[in-house]
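Report on one structure; see the data block that follows.
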Amino acid sequence: MAKNFCDFRILLLVAAGVFIYIQMRLFATQSEYADRLAAAIEAENTCTSQMRSLIDQISLQQGRIVALEEERNRRDQECGQMKSLVQDLERKDVQRLINKVQVPVAAVVIMACNRADYLERTINSVLKYQKPISSRYPLFVSQDGSNADVRSKALSYDQLSYMQHLDLKPVQTERPGELIAYYKIARHYKWALDQLFYHHNFSRVIILEDDMEIAPDFFDYFEATAALLDKDKSIMAVSSWNDNGQKQFVHDPYELYRSDFFPGLGWMLARSTWDELLKENHKGRQFIRPEVCRTYNFGELGSSLGQFFRQYLEPIKLNDVQVDWKSKDLSYLQEDKYAQHFANIVAKAKPVSGVNVLQETNNIDGDVRIKYRDQSDFEYIAGQFGIFQEWKDGVPRTAYKGVVVFRYPSTRARRVFLVGPESLKLLRITDS
């Protein structure tokens, strides 16, 4: 019995030993697996970290690729612009070489200030006839002041050169009540003419304002009279304007006159004359003007407002006949010939007098001449016909030796001569 009990305890010890051994082995195995699992987790984390780093690197590289692509596109665009600019510069350089060979007749300058829409209309009108002969008539825009719209509009045209006059000096008027604007305009004109004559070295300049359109033969007209301007030093300027150029008072697009009154509104000046004007006044010089205007002033929203524009500027007849000026002999306009030429025409006109000279004129088929006693008498007669009544510095508008000539009515081509008290004597015409 005791032996059996002893054997049983031995078995229990053996079983316990086996159990403990198994537990130890299990613990060792679990520890080994735990270590492997930890190593696997660490490896997975390392792999994940490396993958994220790789993804970040790939994203960075993709960003760089996109940036490089954008940079390439930008440079391609810049290269295209540069190529276009080079081609444009080459074209302009070639044009400049051509221009150097062809001596310009005159520079054309459009005087502008703050009316961008008017300026555009004027530039387009000039370019319409100037483009084929641009080398002979280089085009400029001279802006007085800093209006951004005017500057932008002028710079949008590559067919012209832009100049800007900035004058901040205070204006001192000569007499109380005078408009400062006229002094500013005068400063701008002097500056622009100095630039064109002395900086750009042009021998002649045609001055336009920013509210004008030109006739088809505008440039031919000035080219034909340029030689006259150079040769006859008694001529101060050639104008394209007739103050009495309204449709009802003009007829002949070929007719030109001398005048003691400065017409303005589209005129050509020589540098030699400008040199002298800087030292003294015009010394009694005269002007050439056409019967039919070669410029049209559309500037209703300028200094000439309302009734004045509607009565005198809007009805102006802009010449629409392509005159072949090169074939015309204009020598009759020279000082030594014109007085006799004009006197012969006036002398043939039939004298008209009386209270109602308008009715008397209508009863005569040919040219007539009407004598006025003084300025008030002239204004009364001019008012009957509807022409300009204004005088400046003792001279009626358009007058030559006190004689103002216009057509009435234009359909009959009759010329009416309003003759001053000393006009016939100055023209050596015997008063009948």
Side-chain angles (χ1 to χ4, degrees), residues 104-112 118-141 157 159-160 204-229 235 237-259 262-269 287-300 302 304 309 312-330 333 388 397-398 405-407 410-411 413:
V105 176
V108 181
V109 59
I110 301 172
M111 310 297 284
Y118 277 15
L119 177 61
E120 180 179 23
R121 181 172 170 182
T122 299
I123 292 174
N124 290 339
S125 175
V126 173
L127 290 178
K128 180 178 180 181
Y129 303 109
Q130 183 259 4
K131 277 185 179 180
I133 51 173
S134 59
S135 62
R136 289 154 60 199
Y137 295 93
L139 180 59
F140 292 78
V141 167
Y157 291 88
Q159 303 97 323
L160 57 81
R204 307 180 201 91
V205 175
I206 298 171
I207 300 96
L208 291 169
E209 296 176 18
D210 63 352
D211 54 1
M212 293 181 178
E213 292 179 332
I214 66 173
D217 65 340
F218 176 88
F219 292 108
D220 290 340
Y221 166 72
F222 278 112
E223 183 169 0
T225 53
L228 194 64
L229 182 64
I235 299 173
V238 176
S239 176
S240 59
W241 183 260
N242 174 13
D243 283 306
N244 291 319
Q246 295 78 19
K247 295 179 178 67
Q248 63 271 31
F249 300 130
V250 297
H251 175 78
D252 189 355
Y254 299 88
E255 191 67 51
L256 304 181
Y257 295 93
R258 289 179 76 111
S259 173
F262 176 49
L265 297 180
W267 49 286
M268 180 170 65
L269 184 70
F287 307 88
I288 302 298
R289 68 164 182 88
E291 177 173 319
V292 182
C293 290
R294 265 60 186 185
T295 49
Y296 179 80
N297 189 305
F298 58 82
E300 183 174 6
S304 302
F309 177 83
Y312 294 112
L313 298 182
E314 190 174 33
I316 287 289
K317 166 68 175 177
L318 179 64
N319 179 56
D320 55 4
V321 178
Q322 187 62 56
V323 176
D324 181 12
W325 287 108
K326 293 180 180 178
S327 66
K328 299 299 174 184
D329 181 7
L330 302 181
L333 291 166
F388 254 112
R397 283 182 181 265
T398 76
V405 57
F406 57 95
R407 306 277 179 170
S410 61
T411 53

[X] (side chain) donor-acceptor with [Y] (main chain) under 3.5 angstrom:
X	Y	value
R407	Q248	no
Y296	E314	yes
N244	F388	yes
D211	N297	no
E291	D252	yes

Using only heavy-atom distances, determine whether the side chains of N124 and E213 contain a donor-acceptor pair under 3.5 Å. no
Strictly by modelled atom types, are S259 and T398 linked by a side-chain donor-acceptor pair under 3.5 Å? no
Under 6.0 Å from the six-membered ring centre of F218 and within 45° of its axis: does the NZ or CZ of R294 meet both? no
Both conditions, 6.0 Å and 45 degrees, for the charged tip of R121 above the ring of F298: are they met here? yes
Measure centre to centre between the rings of F219 and Y129, then say whether the value is under 6.0 Å. no
Can we call the ring centroids of W325 and F222 under 6.0 Å apart? no
Nearest 0.5 Å, please: how far is CG in D220 from CG in D324? 7.5 Å
Could you measure the distance from the CD1 atom of I207 to the CD1 atom of I110? Nearest 0.5 Å is fine. 12.0 Å
For E209, the salt bridge (Lys or Arg N to Asp or Glu O under 4.0 Å) test, sequence neighbours excluded, returns none
Take the angle between the ring planes of W267 and F262 and call it parallel below 30°, perpendicular above 60°, tilted in between. perpendicular
Grab the two heavy atoms, one from [X] and one from [Y], that are nearest each other, plus how far apart they are.
X	Y	value
E300	Y118	N-OH, 3.6 Å
G266	T295	CA-CG2, 4.4 Å
C293	N242	SG-N, 3.2 Å

Applying side chain to side chain donor-acceptor pair (under 3.5 Å), name anything that partners Q130, two or more places apart in sequence or on another chain. none
If you define the side chain from C-beta out and look only at heavy atoms, does anything of P104 sit under 4.5 Å from R136? no
